[in-house]
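Worksheet: the structure to be examined is printed underneath.
In this text, all values refer to a predicted model and were calculated from it rather than measured experimentally.
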Amino acid sequence: HQGKLALWDVKGDRMSFEADEPGASRVVAAGTGCLVRSGQEARLYRQGGSYHKLSANAEVLVAHEDNILLGANNRVRIFDGQGQEKLKHEVGVGATALGISGDWLVAGYPEGSLELHKLDDEEKHPTHHFEGTPSSPVERIIPGPGDTLVVGYSNGLVGLWDRDTGARLH
């Protein structure tokens with residue numbers, strides 16, 4: 001990307017905005033704009049080029065449907081698509097991936113473990129252990145069919161778990 005961030009208007013088939021972002025380490029499509037992590041700072045850019053600073057400390061940055069999940073230390077902040085904070089939640093320290101499945105927040109960790117937290121409970125109360133997780137950092141968590149979770153690991157493994165029981169299905 002050579003230190004440039006470009007937002008593209010897909011319908012108009014043209015670039016709508018370009019900015020210098022030499023420190024960008026992560027760029028994620030989000031609604032009609034994108035999320036950028038530069039250093040530890042997280043920003044939500046909109047099509048016109050304006051941006052909204054979400055946090056000065058972002059370790060994990062995820063766009064999920066109309067939500068933005070931002071993780072740092074042992075806290076997850078959930079924003080709407082416009083960058084307005086909706087919810088804060090406590091999770092274990094060092095989460096490498098975050099996801100939402102139904103009314104649940106899912107956190108993944110460097111040693112491969114997963115935690116499931118009820119979204120309306122702001123404290124750290126994981127519900128159960130997920131069986132058969134590999135010893136590799138969790139990279140991505142997405143809801144699967146039914147009440148399942150699809151989890152990708154840095155070693156290349158992709159697994160399927162039953163969200164409600166923690167049983168590994170594949």
Side-chain angles (χ1 to χ4, degrees), residues 1-110 112 114-117 119 136-144 148-161 163:
H1 69 52
Q2 300 177 350
K4 296 280 187 189
L5 170 69
L7 294 180
W8 199 260
D9 175 0
V10 177
K11 289 182 183 176
D13 194 26
R14 64 180 174 78
M15 184 175 9
S16 64
F17 173 73
E18 184 177 63
D20 290 322
E21 274 290 349
S25 60
R26 181 144 171 87
V27 177
V28 178
T32 60
C34 69
L35 299 168
V36 175
R37 185 176 72 199
S38 185
Q40 290 294 310
E41 185 172 286
R43 294 181 218 132
L44 171 62
Y45 277 88
R46 296 180 178 88
Q47 278 294 342
S50 65
Y51 70 85
H52 176 72
K53 180 178 170 182
L54 299 174
S55 175
N57 184 20
E59 296 167 0
V60 180
L61 191 59
V62 176
H64 175 79
E65 296 177 357
D66 293 330
N67 294 303
I68 298 165
L69 287 73
L70 190 150
N73 300 320
N74 67 333
R75 299 293 287 176
V76 175
R77 296 169 63 197
I78 301 174
F79 299 85
D80 66 18
Q82 301 303 310
Q84 298 303 309
E85 190 170 315
K86 298 180 352 180
L87 183 67
K88 289 182 184 177
H89 207 292
E90 186 177 331
V91 296
V93 176
T96 57
L98 300 167
I100 292 178
S101 176
D103 293 332
W104 299 93
L105 172 66
V106 188
Y109 295 92
L114 298 167
E115 285 183 346
L116 190 64
H117 301 266
L119 278 172
S136 181
V138 179
E139 293 287 330
R140 184 78 194 259
I141 303 166
I142 59 174
T148 62
L149 297 172
V150 179
V151 182
Y153 290 85
S154 65
N155 67 358
L157 179 103
V158 176
L160 182 68
W161 279 264
R163 183 193 68 202

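- Side-chain N or O atoms of Asn73 include none that pairs as donor or acceptor with a backbone N or O of Arg75 at under 3.5 Å.
- Between Leu54 atom CG and Ile68 atom CD1 the span is 5.5 Å, to the nearest 0.5 Å.
- The CG atom of Leu105 sits 11.5 Å away from atom CD of Glu90, with the distance rounded to the nearest 0.5 Å.
- Minimum interatomic distance between Ser101 and Leu149 (heavy atoms only, all atoms of both residues): CB-CD2, 3.6 Å.
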Check your understanding: Can you check side chain to side chain contact (heavy atoms under 4.5 Å, CB included) on Leu160 and Val151, steps first, answer last?
Key -> CA-CA 6 Å; Leu160 182 68; Val151 182; over 6 Å; no
Review point. Could you go step by step and tell me if Asp9 and Phe17 meet the side chain to side chain contact (heavy atoms under 4.5 Å, CB included) rule?
Key: CA-CA 9 Å; Asp9 175 0; Phe17 173 73; over 6 Å; no
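- When every heavy atom of Tyr109 is checked against every heavy atom of Thr96, the shortest pair comes out as C-OG1, 3.7 Å.
- Here the straight-line distance linking atom CH2 of Trp8 with atom CG of Asp13 works out to 6.0 Å at 0.5 Å rounding.
- At least one side-chain heavy atom of Asp20 sits under 4.5 Å from a side-chain heavy atom of Lys4.
- Annotation: the span from Ser55 atom OG to Glu85 atom CD amounts to 9.0 Å, rounded to 0.5 Å.
- Note that CG of Asp66 and CD of Gln82 are 9.5 Å apart. Values are rounded to the nearest 0.5 Å.
- Between the CD1 atom in Ile78 and the CG atom in Leu87 there is a gap of 4.5 Å [rounded to 0.5 Å].
- Between Lys86 and Asp80, no side-chain nitrogen of the basic residue sits less than 4.0 Å from a carboxylate oxygen of the acidic one, so the salt-bridge criterion is not met.
- The side chain to side chain contact (heavy atoms under 4.5 Å, CB included) with Cys34 is formed by just one residue from the set Val28, Leu5, Leu44; it is Leu5.
- When all heavy atoms are compared, the tightest approach of Leu61 to Arg26 is O-NE, 3.3 Å.
- Within a 6.0 Å radius of OH in Tyr51, other residues, nucleotides and ligands contribute 12 heavy atoms or fewer.
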Point to revise | Criterion side chain to side chain contact (heavy atoms under 4.5 Å, CB included) on Arg77 and His89, from CA distance to verdict | key: CA-CA 6 Å; Arg77 296 169 63 197; His89 207 292; over 6 Å; no
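- In plain terms, the two heavy atoms of Ala58 and Arg37 that are nearest each other are O-CD, 3.1 Å.
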Exercise for review: List the steps, then state whether side-chain hydrogen bond (donor to acceptor under 3.5 Å, both in side chains) holds for Arg163 with Thr148.
Suggested key: CA-CA 5 Å; Arg163 183 193 68 202; Thr148 62; over 6 Å; no
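- Counting all heavy atoms, side chain and backbone alike, Ala30 lies closest to Leu35 at CB-CG, 3.9 Å.
- In this structure, the side chain of Tyr45 does not engage the main chain of Leu7 through any donor-acceptor pair within 3.5 Å.
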Point to revise | Stepwise side chain to side chain contact (heavy atoms under 4.5 Å, CB included) check, Leu70 with Val60 | key: CA-CA 6 Å; Leu70 190 150; Val60 180; over 6 Å; no
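- Salt bridge Arg43/Glu21: present, at least one basic N to carboxylate O contact under 4.0 Å.
- Of all the heavy atoms in Ala107 and Ile141, the pair that sits closest is C-CD1, 4.0 Å.
- The neighbour count for Asn57 CG, taken as heavy atoms of other residues, nucleotides or ligands under 6.0 Å away, is above 12.
- With hydrogens and angles ignored, the 3.5 Å screen pairs a side-chain donor or acceptor of His64 with a backbone N or O of Ile100.
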